[in-house]
Amino acid sequence: MAIVPPHFMTRTVNIGLIGAGTVGGGVLQALRRNGALMASRLGLRLRVERVAVRSLKKKRDFKVSKGVLTADWKSVVNDPKVDLVVELIGGTTIAKDVVLAALREGKPVVTANKALLAFYGEKLFAAAEKSGANLYYEASVAGGVPIIKVIREALAGNRVTHLYGILNGTCNFILTKMNEGMEFSAAVKLAQQQGYAEADPSLDIDGHDAAHKVGILASLAHGFWVKPGEVFTEGITHICPMDLEFAGKLGYAIKLLGIVKISRAGSIQVSMYPALIPDDHVLANVSDVYNGILVRGDVVGDTLHYGQGAGPDATASAVLSDIGDAVLDLKHGATDRLKAFIPHESNGAVRQIGETTCCYYLRLSVLDRPGVLAKVSAVLAKNKIGISSVTQPEGHEGKSVPLILMLHYAKNLAMTKALKSIEKLSSVKTKPVMIRVESLD
Ligand code: HSE
């Protein structure tokens, strides 16, 4: 597929695309729509030379010239005509082989693969360094929101003290729909139909996809590579419509929230969990498939970045942005103008979740009889956790009733201990639902 260029361009950059599923198909369509515009901005022609797909038989929404499509990704990566490889197959097995093989060939690579970066980032960066070819990954975090460029380039003169991010479009979509009354499973299905959810949606709803993304942002902001196992992660499967309702009445929204925060001791909290946030905060109004990231720099103050976080078009926009960067670097022979990752805080460390502090929402299902609240508050007091409010909503008559407690600042370690004891109380009938509360200060 040739992109019609202005007449003055002499050189063509040939793209080898690996993967033409939801995102790859979106990239081909976006290139068809705006490739000529991009070419005129970049001063080089763009051409999709080869496309590798898993099955040649599958019906596709895009058309390519004969001979472009192949089921053999190696023939694309090794094709001497291909200057730039775009990896969009996802997963961490073949995708890793593709990226490493392309880098070994000295070819720059664009990828949208956050799991691959989260698990193998250091290895891939070392391979890029060795080969002299660069690795571009804007599309790996927050879909169409150019947050990687913001952290690495626009805010290069800042120390990022806080980052709060709604980074999973699917979970945000599900929480929004649940808030409107839709069942959890129906919302997941809708997200899948619209191309937001991962092939395995548990990556979304268990928080892993978003955890990979916050790990990447934390690494870029703080200059040491944060491993996936270091990111404390909780998904949204334990949240009920009732929690969204109670939170709303208390003046909060519930969001799956990534946090990167410097502690007083200097270590960094890097976490991804659902949190109650004040409903008058701008992040509380980031709904549906949108992502929103608040980045606080010590020079600039608060900055906010917002846009669609998932879906073929949003992700394609970020892939095109990386293709643009890669093409300009090729044009100027600038293989390490901005390296894939530059370590700069060799002593950086992630703070254990138990040591971090926040407030809490606690929903218990308890027997409606005298003395229950006294028992719960005795456990909290023993763990030095203060209660800021208690609600037992009316209209829940039955064997057990909901009891909602808002708790003051306490270490996560203390809260975990308290929860273990509360769970054992005979008057507490089901597993307590604890959701952290973040003031976003
Ligand atoms: N499943 C991801 C999301 C897609 O919902 O955010 C983009 O990474």
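In what follows, residues are counted from 1 in the order of the sequence shown. Note that ligands are numbered from 1 as they come in the structure, with each ligand's atoms numbered from 1 the same way.
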Which of parallel (below 30°), tilted (30 to 60°) and perpendicular (above 60°) describes Tyr273 and Phe232?
perpendicular

Of all the atoms in ligand 1, which lie at a distance below 4.0 Å from a heavy atom belonging to Gly309?
6 (O), 7 (C)

Give me the nearest non-hydrogen protein atom to atom 2 (C) of ligand 1 as residue plus atom name, then the distance to 0.1 Å.
Glu198 OE2, 3.1 Å

Could you say whether the N/O atoms of Gly169 and ligand 1 ever approach to under 3.5 Å?
yes

Under a 4.0 angstrom heavy-atom cut-off, which atoms of ligand 1 come close to Asn168?
2 (C), 3 (C), 5 (O), 6 (O)

Suppose I only count heavy atoms of Tyr196 and a 4.0 Å limit; which atoms of ligand 1 are within that range?
1 (N), 2 (C), 3 (C), 4 (C), 5 (O)

Closest protein heavy atom (residue, atom, distance) for atom 5 (O) of ligand 1:
Thr170 OG1, 2.6 Å

Ligand 1 to Lys213, heavy atom cutoff 4.0 Å, flagged ligand atoms 2 (C), 3 (C), 6 (O), 7 (C), 8 (O)

Looking at Ala310, which atoms of ligand 1 are within less than 4.0 Å of one of its heavy atoms?
3 (C), 4 (C), 5 (O), 6 (O), 7 (C)

Any donor-acceptor pair under 3.5 Å from Lys81 side chain to Asn14 backbone:
no

Given that the side chain starts at C-beta and the backbone is N, CA, C, O, which of these parts of Asp209 lies under 4.0 Å from ligand 1, counting heavy atoms, or is it both or neither?
side chain

What protein heavy atom lies closest to atom 8 (O) of ligand 1? Include the residue and the distance to one decimal.
Lys114 NZ, 2.6 Å

On a heavy-atom basis, the closest approach of Asp204 and Ala197 is OD2-CA, 3.3 Å

Are side-chain N/O atoms of Thr70 and Asp72 paired as donor and acceptor at under 3.5 Å?
no

Under 4.0 Å between heavy atoms, the region of Asp204 that gets near ligand 1 turns out to be side chain

Between Leu116 and Gly91, what is the shortest heavy-atom contact and its length?
CB-O, 4.2 Å

Are a donor atom and an acceptor atom from the side chains of Arg337 and Asn134 found within less than 3.5 Å of each other?
no

contact_flag Gly143 ligand 1 heavy-atom lt 4.0 Å
no

Can you tell me if Thr356 and Asn412 form a side-chain donor-acceptor pair at under 3.5 Å?
yes

Is any side-chain N of the basic residue among Lys255 and Glu438 closer than 4.0 Å to the acidic one's carboxylate O?
no

